[in-house]
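Only one structure is covered here, and it is reproduced in the block below.
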Amino acid sequence: QLPRIPRSHLQEVANVPKQLEKLLLLGFLLCLDILLHELSFTPLQAIRSSLQMTLGLRRWSWSERGGNHSTPASGGKRRATLTITEQGDFLRLSLLILNVTLILMIFDVSWMYHYIRGESF
């Protein structure tokens, strides 16, 4: 229909890879942020909660309401239960430990290094 393609349409098409790279970089940075959070803050949060349980400041509870439904066990004092977030931290830490253990058991680092370099060993 048009004898020529307008310059503005060509510039739009030429800008697509640059815009796509920006979007891919944003997605990569979000994934990196989540990974670094899981590797650094999850163990710290689980350690903090386990110290509170060890010192007797909190107790583990699977009740849905999160409150103390039983009679107090230690001299009439009520101890707070772990929040659902803290229980989730323990679950995430156990999954993190499980995944790292499985990866270390399955993958041989020296084989991967030589495979990437193209060397036989």
Side-chain angles (χ1 to χ4, degrees):
Q1 296 258 341
L2 294 174
R4 290 181 34 207
I5 299 174
R7 185 172 289 274
S8 63
H9 291 298
L10 290 176
Q11 288 174 344
E12 292 279 333
V13 171
N15 284 336
V16 167
K18 185 171 74 170
Q19 299 297 327
L20 182 63
E21 285 180 1
K22 286 181 184 178
L23 184 64
L24 289 175
L25 179 64
L26 175 68
F28 172 75
L29 290 176
L30 284 173
C31 288
L32 182 65
D33 178 52
I34 292 170
L35 177 68
L36 291 176
H37 179 271
E38 288 295 320
L39 292 176
S40 57
F41 287 114
T42 299
L44 292 175
Q45 291 169 341
I47 288 171
R48 179 182 55 100
S49 297
S50 63
L51 281 175
Q52 287 179 350
M53 281 185 5
T54 307
L55 295 174
L57 301 175
R58 297 201 177 218
R59 68 178 175 84
W60 189 275
S61 174
W62 284 105
S63 66
E64 292 182 16
R65 294 183 189 174
N68 293 326
H69 299 295
S70 60
T71 59
S74 58
K77 286 195 230 175
R78 296 190 138 193
R79 293 183 299 174
T81 59
L82 290 178
T83 63
I84 193 72
T85 305
E86 292 169 336
Q87 292 176 10
D89 289 338
F90 279 116
L91 180 63
R92 286 188 1 233
L93 180 67
S94 63
L95 289 174
L96 180 68
I97 291 171
L98 177 70
N99 285 330
V100 169
T101 304
L102 288 176
I103 286 173
L104 290 176
M105 288 173 50
I106 292 173
F107 292 111
D108 184 18
V109 177
S110 66
W111 181 85
M112 294 283 286
Y113 172 77
H114 291 289
Y115 179 77
I116 291 171
R117 298 258 332 228
E119 302 172 354
S120 62
F121 73 108

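- As a member of the Ile/Leu/Val/Met/Phe/Trp/Tyr network built from side-chain separations under 4.5 Å, Leu26 groups with Leu30.
- Counting only residues at least two apart or on different chains, the side-chain hydrogen bond (donor to acceptor under 3.5 Å, both in side chains) pairs with a member in residues 33-44 are Glu38-Thr42, Glu38-Arg92, Thr42-Arg92.
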Per-pair distances, 0.1 Å, donor-acceptor, side chain in residues 43-51, under 3.5 Å, sequence neighbours excluded:
from  : atom 1 : to    : atom 2 : distance (Å)
Ser49 : OG     : Gln45 : O      : 3.2
Ser50 : OG     : Ala46 : O      : 3.1
Ser50 : OG     : Ile47 : O      : 2.9

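- In summary, of the residues considered (Ile103, Leu104, Leu102, Ile97), a side chain to side chain contact (heavy atoms under 4.5 Å, CB included) with Val100 occurs for Leu104 alone.
- In this structure, CG in Leu29 is found 11.0 Å from CG in Leu24, a value given to the nearest 0.5 Å.
- Trp111 contributes atom CH2, which lies 9.0 Å from atom CD1 of Ile116 (distance to the nearest 0.5 angstrom).
- Distance alone, capped at 3.5 Å, is enough to place a donor-acceptor pair between the Glu86 side chain and the Thr83 backbone.
- At a threshold of 4.5 Å between side-chain heavy atoms, the hydrophobic network of Ile, Leu, Val, Met, Phe, Trp and Tyr places Leu10 and Val16 in two separate groups.
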